[in-house]
Amino acid sequence: GIQVEQSPPDLILQEGANSTLRCNFSDSVNNLQWFHQNPWGQLINLFYIPSGTKQNGRLSATTVATERYSLLYISSSQTTDSGVYFCAVEGNNNDMRFGAGTRLTVKP
Amino acid sequence: DAGVIQSPRHEVTEMGQEVTLRCKPISGHNSLFWYRQTMMRGLELLIYFNNNVPIDDSGMPEDRFSAKMPNASFSTLKIQPSEPRDSAVYFCASSIQVGSAEAFFGQGTRLTVV
């Protein structure tokens, strides 16, 4: 099946800093989503972004499907941004596969 | 809509017992996914349904696991008999259509098998 790699695995930031999270995938995809798993374990939808660029407040995402990667940008990070960020892709088999995630810690 | 609803939220059971996890997808969604999350293996896709039909169950770990979707508003994941290594958080997700729409997750069921 399709392989999904996320980097970095861990990231520690000072509040107010910016960051970029990366998701690489091994094959063409029909669908790509970014999720945030909060400290309570809930998976929160951030972006549905099979291609192009989207922005939502301090977060934005870009997917370059032809080059098989997506980026999640977090600007002016806050302590509430802490948690694990997952990238999930659906390939031609329509099975949605997750990367291992990036664990973000934002310190006050 | 209340979103994807899973029950129970927590389950503690003894090894060898049968466990049934339940999921109600968002109304109007035609695709449903079951995932298992552990520290060691991350989020693993177990099985997914489209229009109540199982499409791919290659992620189901072994014959002790089974899943059904008798109608568009209900699915179950059953483990019989349960083992301590089945301890994990099990998530259900639904989307309007597999392959081309955003998926939404339930809050998960934390299963502990002792």
Side-chain angles (χ1 to χ4, degrees), chain A residues 1-10 21 23-52 54 56 59 61 63 65 70 72 83-103, chain B residues 1-6 8-10 23 25-26 29-51 53-60 67 87-112:
Chain A
I2 193 165
Q3 303 298 311
V4 185
E5 293 185 358
Q6 291 187 242
S7 60
D10 293 279
L21 283 58
C23 172
N24 292 335
F25 40 95
S26 60
D27 205 344
S28 58
V29 298
N30 299 322
N31 182 5
L32 188 145
Q33 289 186 243
W34 283 96
F35 294 89
H36 175 219
Q37 189 167 38
N38 64 22
W40 296 271
Q42 191 174 3
L43 284 159
I44 309 296
N45 292 50
L46 296 177
F47 294 102
Y48 169 71
I49 187 166
S51 63
K54 290 185 177 180
N56 184 4
L59 273 60
T63 297
S70 182
L72 177 69
V84 183
Y85 290 80
F86 288 103
C87 167
V89 303
E90 283 187 56
N92 291 329
N93 290 339
N94 295 326
D95 51 345
M96 188 166 63
R97 303 283 176 176
F98 279 74
T102 292
R103 181 174 297 278
Chain B
D1 198 310
V4 177
I5 300 173
Q6 292 187 244
R9 291 291 310 280
H10 303 273
C23 176
I26 293 172
H29 282 196
N30 297 316
S31 301
L32 185 140
F33 305 81
W34 281 101
Y35 288 85
R36 176 173 69 175
Q37 186 177 31
T38 61
M39 288 293 292
M40 291 296 294
R41 301 176 68 90
L43 276 154
E44 302 174 274
L45 176 64
L46 301 178
I47 185 171
Y48 72 94
F49 296 82
N50 196 37
N51 294 322
V53 175
I55 303 300
D56 185 351
D57 65 355
S58 60
M60 297 285 261
S87 298
V89 180
Y90 291 81
F91 286 101
C92 174
S94 71
S95 69
I96 289 176
Q97 183 171 342
V98 67
S100 61
E102 192 172 6
F104 295 87
F105 279 75
Q107 293 189 302
T109 294
R110 181 175 295 278
L111 173 65
T112 303

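Proteins come first, then strands; the chains are lettered A, B, ... in the order of their sequence lines, and each starts at number 1.
- Between A:N45 atom CG and B:F105 atom CZ the span is 8.0 Å, to the nearest 0.5 Å.
- Rounding to the nearest 0.5 Å gives a distance of 9.5 Å between CG of A:L46 and CD of B:E102.
- For chain A, no part of B:E44 is nearby; none of its heavy atoms comes within less than 4.5 Å.
- For residues 96-103 of chain A, heavy-atom neighbours of chain B at less than 4.5 Å comprise A:M96, A:R97, A:F98, sorted by residue number.
- Residue-level contacts of residues 32-40 of chain A with chain B, in order of numbering, are A:Q33, A:F35, A:Q37; threshold 4.5 Å between heavy atoms.
- With rounding to the nearest 0.5 angstrom, the CD atom of A:E90 is 4.5 Å from the CZ atom of B:F33.
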